[in-house]
There are 2 protein chains.
Amino acid sequence: MKAEIITIGDELLNGQVVDTNSAWIAKHLGALHIPVFHITSISDKANAIKAALQQAEARADVIIMTGGLGPTRDDITKATVADYFGTTLVRNDTVLAHVESIFRRKAGKLMPTMNIGQADVLANAAVLFNDVGTAPGMAVERGGKYFAFLPGVPFEMKFLMENRVLPMLRDTYKSDVFVYNSYILTVGIGESHLAEQIADIEDALPPFITLAYLPRIGMVRLRFTGEGSDIEALTSITNSFKQQVVERVKDYVVSVDNRSFEEVLVQTCTSAGVTLSTAESCTGGAISAQITAVPGASQMFQGAAVVYSNQAKMDVLRVSPDTLAHYGAVSEQTVKEMAEGAKRVFGTDYAIATSGIAGPGGGTETKPVGTVCIAVAGKSETRTQTFYFKNDRAINIERTVVAGLTMLWNMFRKEE
Amino acid sequence: MKAEIITIGDELLNGQVVDTNSAWIAKHLGALHIPVFHITSISDKANAIKAALQQAEARADVIIMTGGLGPTRDDITKATVADYFGTTLVRNDTVLAHVESIFRRKAGKLMPTMNIGQADVLANAAVLFNDVGTAPGMAVERGGKYFAFLPGVPFEMKFLMENRVLPMLRDTYKSDVFVYNSYILTVGIGESHLAEQIADIEDALPPFITLAYLPRIGMVRLRFTGEGSDIEALTSITNSFKQQVVERVKDYVVSVDNRSFEEVLVQTCTSAGVTLSTAESCTGGAISAQITAVPGASQMFQGAAVVYSNQAKMDVLRVSPDTLAHYGAVSEQTVKEMAEGAKRVFGTDYAIATSGIAGPGGGTETKPVGTVCIAVAGKSETRTQTFYFKNDRAINIERTVVAGLTMLWNMFRKEE
């Protein structure tokens, strides 16, 4: 049982848009034990669409195609696919009524005539009714293979996958080979040092279990993948190897599941009943935004002060003018006062503070671009550290976020 | 002159990681008039790698492959590619010395023996020396086609593309067909209404110019693409059509180039000499983080107060307890006081405030999940608006960010 994803759109090929749909679809098919083994992005051209469909039909059992179903002229997927299947397009009245109702809901807006065509569907397809948008999805079965054609707008695609495609696949296409994935998230240790520490465990893995290293900025996720027909035995053997790794490198382990670092922090703080705030200069609210993107963050997260100017550092967080004058805004002394100020202003148990030179401008000889000071104030002490990241603005900010969260994690493990 | 990108990694196929490398590479090749027409993601398996190389070599002139060059066992790209080209791997002493020096720099850390293999390169390749990491890139030319093999870690890939691959392609592979892209960014009008307003201009486009609609949350980017051999004529004709569109929908146009909405706001405010702050509840710092991700934002952006709790709204921004008690945290009255509080605390000309129920929890009958109030305080007035977004947490936050920035943009256009 194999799946393949084809995403259509010139904007994917010229770099205008990052294809996030494929990863989302792959993750959800994987949960049904339907592994994706090929992802292709192609242009809005009929011959490219037909060639990709032909190759996918030869290789895969489930083919998910997204994009090109909109109302404008560059949307040619429907006509091309009809041609591929040797079928025609027919107008669907239910879809037409739905598209009209969407425009009616926005008072005073009549439906542009070009949207009538959105109600045309492949004559050989089951319509995947789209509650949240104007482009219907379509499903076709041919020769035991399942094709789904979905709009490229992410939230419409997700709605149709969750409510139409996945339930159907869950019921009909059952795989006899199970794929079991299990994860460990580590922070504060590099990929090759980690690999060295667990080399003997990796050596002992049976051929049906593979171990992958997924390094990201400041963290490494390990993924064990087992394949086999007996799901229970597979799960138990894979987890026994995983447990050995967890014990070996426990100082660096943040989670033993597929949660993000932020999710772990939010859930751990919430369970422990402790609260957090941040005082951010060079990260500009990015730590706060990452924490608050986690559902339920409002219980443990009280607030953030993004204090870009020296005036704001003094006014909002009561950083001393002497400290700023003497040591500068990017100094361990300043971030210490920022963290302690945030703890006080927001009344929290913990606080993270950042100040640095993210770049590209603002560097000096003694404090080059990438110089970042971070403080974490805990219940009994405040720790500070200076980092020298040497990247562009976006990476320097991201490294600062992860370093700040790692310092918080270490402080939290010591104190709780 | 056509390019193809192949990204390798099981993590891309199981949805663990979104492939952001391809869009970046495609954008930079496009700038050299080398259009990408195919992007493929495949697994860390030798037969998948070889099959993808074979297809790409048959179709494209430039093939960029990323991933699988790390030190751990799941990294099999080098050995597989050597096999594909019928060549061997040879140890490169300069690379070995570099890899050792990277480990030496981190005091007290010896190089794990597995990293020695990172100095092995294809015997038929030019080494693309990697200043910022341990995995060298490699370039191979065969039959007039150019192959580059790069690490998958984004900042290493970017370093090698910018410093090794792109300069080489710029000098050697000149295309005789130019592709000229030109952009318009609109906010506050939907894709099909926009298309309807400019239908006659689109009708008049010559066959060598195409118009694409790239809708994103709250905005639509239009892309004109002209292809031809006379770059000057192409540019001038494409821009004349673009100018007609800009004039037709000028109330919605934010930029006539490829900048992001945030970049336009930062640069416009900076030129006008005005300053901005934010007071964020449901967006949790996401507006501030997006603004401050733009280089140079520190001139116009003073700070943000992320006030998740009612206490913080009162303490930091002086929102009145009566307002909170009477109207609730999610109300136009509260966001008005938040925005005016931020203007005062940070001493800015403008401020954006948000408060809402991002979900999944926290909804009530009168204020369901997705209810968001936004205020923008300007020089002479404060405007407020209530929105009913009906999505998941991430989308509700993103919609709020764009709606807030759009309200700021409209206020700014009125006042400046």
Side-chain angles (χ1 to χ4, degrees), chain A residues 10-11 13-20 23-24 26-27 30 36-43 70-72 74 112 114-115 155 181 191-193 195-196 212-215 284-286 288-289 292-293 295 298 301-309 312 315-316 345-346 360-361 391 393-395, chain B residues 10-11 13-20 23-24 26-27 30 36-43 70-72 74 112 114-115 153 155 191-193 195-196 212-214 284-286 288-289 292-293 295-296 298 301-309 312 315-316 345-346 360-361 391 393-395:
Chain A
D10 289 341
E11 66 278 15
L13 294 173
N14 68 14
Q16 183 71 22
V17 170
V18 171
D19 172 20
T20 55
W24 191 95
K27 193 184 286 180
V36 169
F37 75 112
H38 214 104
I39 298 170
T40 311
S41 297
I42 53 169
S43 77
T72 54
D74 53 326
M114 75 181 71
N115 290 80
F155 76 85
N181 286 312
E191 179 185 14
S192 45
H193 284 284
E196 209 176 35
Y213 294 77
L214 312 174
S288 171
T292 57
S298 55
F301 193 74
Q302 297 304 303
V306 179
V307 283
Y308 240 47
S309 63
D315 291 349
V316 181
V345 168
F346 294 105
N391 288 104
R393 185 177 185 86
I395 307 267
Chain B
D10 289 342
E11 67 277 15
L13 294 173
N14 68 14
Q16 182 70 22
V17 170
V18 171
D19 172 21
T20 55
W24 192 95
K27 193 184 291 182
V36 170
F37 74 110
H38 214 105
I39 298 170
T40 312
S41 297
I42 51 169
S43 77
T72 55
D74 53 327
M114 76 181 68
N115 291 79
V153 177
F155 75 86
E191 178 185 14
S192 45
H193 284 283
E196 210 177 34
Y213 294 77
L214 313 173
S288 171
T292 58
S298 56
F301 193 74
Q302 297 303 304
V306 180
V307 283
Y308 241 48
S309 62
D315 291 351
V316 180
V345 168
F346 294 105
N391 288 104
R393 184 176 184 86
I395 308 269

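Numbered from 1 within each chain, the chains take letters A, B, ... in sequence-line order.
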| query | When heavy-atom pairs shorter than 4.5 Å are enumerated against chain B, which of A/Asn115, A/Thr20, A/Asp19 gives the highest number? | reply | A/Asn115
| note | Rounded to the nearest 0.5 Å, the CZ atom of A/Phe37 sits from the CG atom of B/Leu13 at a distance of 9.5 Å
| said: Taking every non-hydrogen pair under 4.5 Å, which of A/Ala305, A/Ala195, A/Ser192 racks up the most with chain B? | reply: A/Ser192
| Looking only at heavy atoms, what is the nearest atom pair of A/Met114 and B/Glu196, with distance? | CE-N, 3.5 Å
| task | Please name the pair of heavy atoms, one in A/Gly15 and one in B/Lys27, separated by the smallest distance, quoted to 0.1 Å. | result | O-CE, 3.3 Å
| field | Which atoms of A/Val17 approach chain B - backbone, side chain, both or neither, heavy atom under 4.5 Å | value | backbone
| request: Sort A/Asp315 into side chain, backbone, both or neither according to what part of it lies under 4.5 angstrom from a heavy atom of chain B. | output: side chain
| Looking at A/Ser41, A/Ala293, A/Ala212, which has the largest count of heavy-atom pairs under 4.5 Å with chain B? | A/Ser41
| field | Leading residue by heavy atom contact count with chain B [cutoff under 4.5 Å; candidates A/Leu214, A/Asn181, A/Ile395] | value | A/Leu214
| message | As an exercise: rank A/Thr72, A/Val18, A/Val307 by heavy-atom pairs under 4.5 Å with chain B and give me the winner. | response | A/Thr72
| Segment of A/Pro71 engaging chain B (4.5 angstrom heavy-atom cut-off) | side chain
| task | Could you tell me which of A/Pro215, A/Ala304, A/Ala312, A/Ser309 has the largest number of non-hydrogen atom pairs under 4.5 Å with chain B? | result | A/Ala304
| query | Which one of B/Ala26, B/Ala286, B/Pro360 has the most heavy-atom pairs closer than 4.5 Å to chain A? | reply | B/Ala26
| For the residue pair B/Gly285 and A/Ala289, what are the closest heavy atoms and their distance? | C-CB, 3.9 Å
| said: For the interface with chain A, which of B/Asn14, B/Val345, B/Val306, B/Thr40 has the highest count of heavy-atom pairs at distances below 4.5 Å? | reply: B/Val306
| Which one of B/Ile39, B/Val36, B/Asp74 has the most heavy-atom pairs closer than 4.5 Å to chain A? | B/Ile39
| field | Counterpart residues, side chain to side chain contact (heavy atoms under 4.5 Å, CB included), relative to A/Thr292 (two or more places apart) | value | A/Ser288, A/Phe301, B/Tyr308
| request: Measure the shortest side-chain to side-chain distance between A/His38 and B/Ile42 over non-hydrogen atoms and say whether it is less than 4.5 angstrom. | output: yes
| task | Return the option, out of B/Ser298, B/Gly30, B/Gly70, with the maximum number of heavy-atom pairs under 4.5 Å with chain A. | result | B/Ser298
| Going by heavy atoms in the side chains, are B/Phe346 and A/Val316 under 4.5 Å from each other? | yes
| note | Across all chains, not counting sequence neighbours, the side chain to side chain contact (heavy atoms under 4.5 Å, CB included) partners of B/Asp10 are A/Arg223, B/Ser43, B/Asp44
| Between B/Gly361, B/Gly303, B/Ala394, which residue shows the highest count of heavy-atom pairs closer than 4.5 Å to chain A? | B/Gly303
